[in-house]
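To start, the structure under review is shown below, and the notes come after it.
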Amino acid sequence: MKAKLAVLISGSGSNLQAIIDAVATGGLDAQIAAVVSNREKAYGLERARQAGIPGRYFPLKPYRDAQRSRAEYDADLAALVSEYAPDWVVLAGWMHIFSEEFLRCFPNRVVNLHPALPGQFPGAHAIDDALAAFGRGEIDHTGVMVHLVPDVRVDEGPVLAQEAVPIRPGDTHETLAERIHAVEHRLLVETLRKLIG
Ligand code: GAR
């Protein structure tokens, strides 16, 4: 049976698109069971729609407005994702940090993509943080990693794959992001292929 993936996104979904394309061309023997976004306008939801994949919008704001806890949101999100019985939960640009309420439902089944090397630049601004460090002469490359998410640490966990990406003089956020995304699209698909066997 094909491995079932649930892909969680917050934005453009170019990495989701890489997975969609790999599945469509037979490069990844998997089924994308659902795409979940915490942002309504995330273009990734449109990519899912075009590919005929169920897309779900699940925002945190109503929970905040109702003074419901983050743990409740995460538990309800886990229930929503569980409806699709995924073998793997893939965080492809998902910009929330999980609590145990989510992670304990998918032990060692959550895979995160992050645009930096292990131990460097966790969080939502990894590309800008790397550019700033380059500007200070501290680094000459950044990178990409794919890792398991065993617990609530941010952008940390057993590393499944990593690849360095050079930073060049004159790089802007856009030029470096483009180079990083090209590596991400390949590395994420390769890593998922190894994971699902
Ligand atoms: C990717 O660069 C991914 O590594 C990053 O969000 C981007 C999503 O791009 N994730 C993180 O920064 C996680 N901390 P996409 O929506 O085009 O796939």
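The structure displayed is predicted, hence computed values, not measured ones. First listed ligand is number 1; within each ligand, the first listed atom is number 1. We number each residue from 1, following the sequence as shown.
- The ring-ring contact (aromatic ring centres under 6.0 Å, His included) analysis of residues 22-74, with sequence neighbours excluded, yields the pairs Phe58-Tyr63, Phe58-Tyr73, Tyr63-Tyr73, Tyr73-His96.
- Side-chain contact between Thr191 and Val111 is absent, with no heavy-atom pair separated by less than 4.5 Å.
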Provide, line by line, the atom pairs where ligand 1 and the protein bring an N/O atom each to a distance under 3.5 Å; else say none.
residue  : atom   : partner : partner atom : Å
ligand 1 : 2 (O)  : Glu184  : OE1          : 2.8
ligand 1 : 2 (O)  : Glu184  : OE2          : 2.9
ligand 1 : 4 (O)  : Pro115  : N            : 3.4
ligand 1 : 4 (O)  : Glu184  : OE2          : 2.4
ligand 1 : 14 (N) : His114  : ND1          : 3.0
ligand 1 : 14 (N) : Gly123  : O            : 3.3
ligand 1 : 14 (N) : Asp155  : OD1          : 3.2
ligand 1 : 14 (N) : Asp155  : OD2          : 3.2
ligand 1 : 16 (O) : Ser12   : N            : 3.4
ligand 1 : 16 (O) : Gly13   : N            : 2.7
ligand 1 : 17 (O) : Ser14   : N            : 2.9
ligand 1 : 17 (O) : Ser14   : OG           : 2.6
ligand 1 : 18 (O) : Ser14   : N            : 3.3
ligand 1 : 18 (O) : Asn15   : N            : 2.9
ligand 1 : 18 (O) : Asn15   : ND2          : 2.8

Item to complete: Evaluate the criterion salt bridge (charged side-chain N to carboxylate O under 4.0 Å, His left out) for residue pair Asp87 and Lys4; output intermediate values, then yes/no.
Response: CA-CA 5 Å; Asp87 297 299; Lys4 281 167 85 174; over 6 Å; no
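- Between the side chains of Arg47 and Ser14, not a single donor N or O lies within less than 3.5 Å of an accepting N or O.
- Side chains of Ile9 and Ser37 form a contact here, defined as non-hydrogen atoms less than 4.5 Å apart.
- In this structure, a donor-acceptor pair under 3.5 Å is absent between the side chains of His181 and Glu178.
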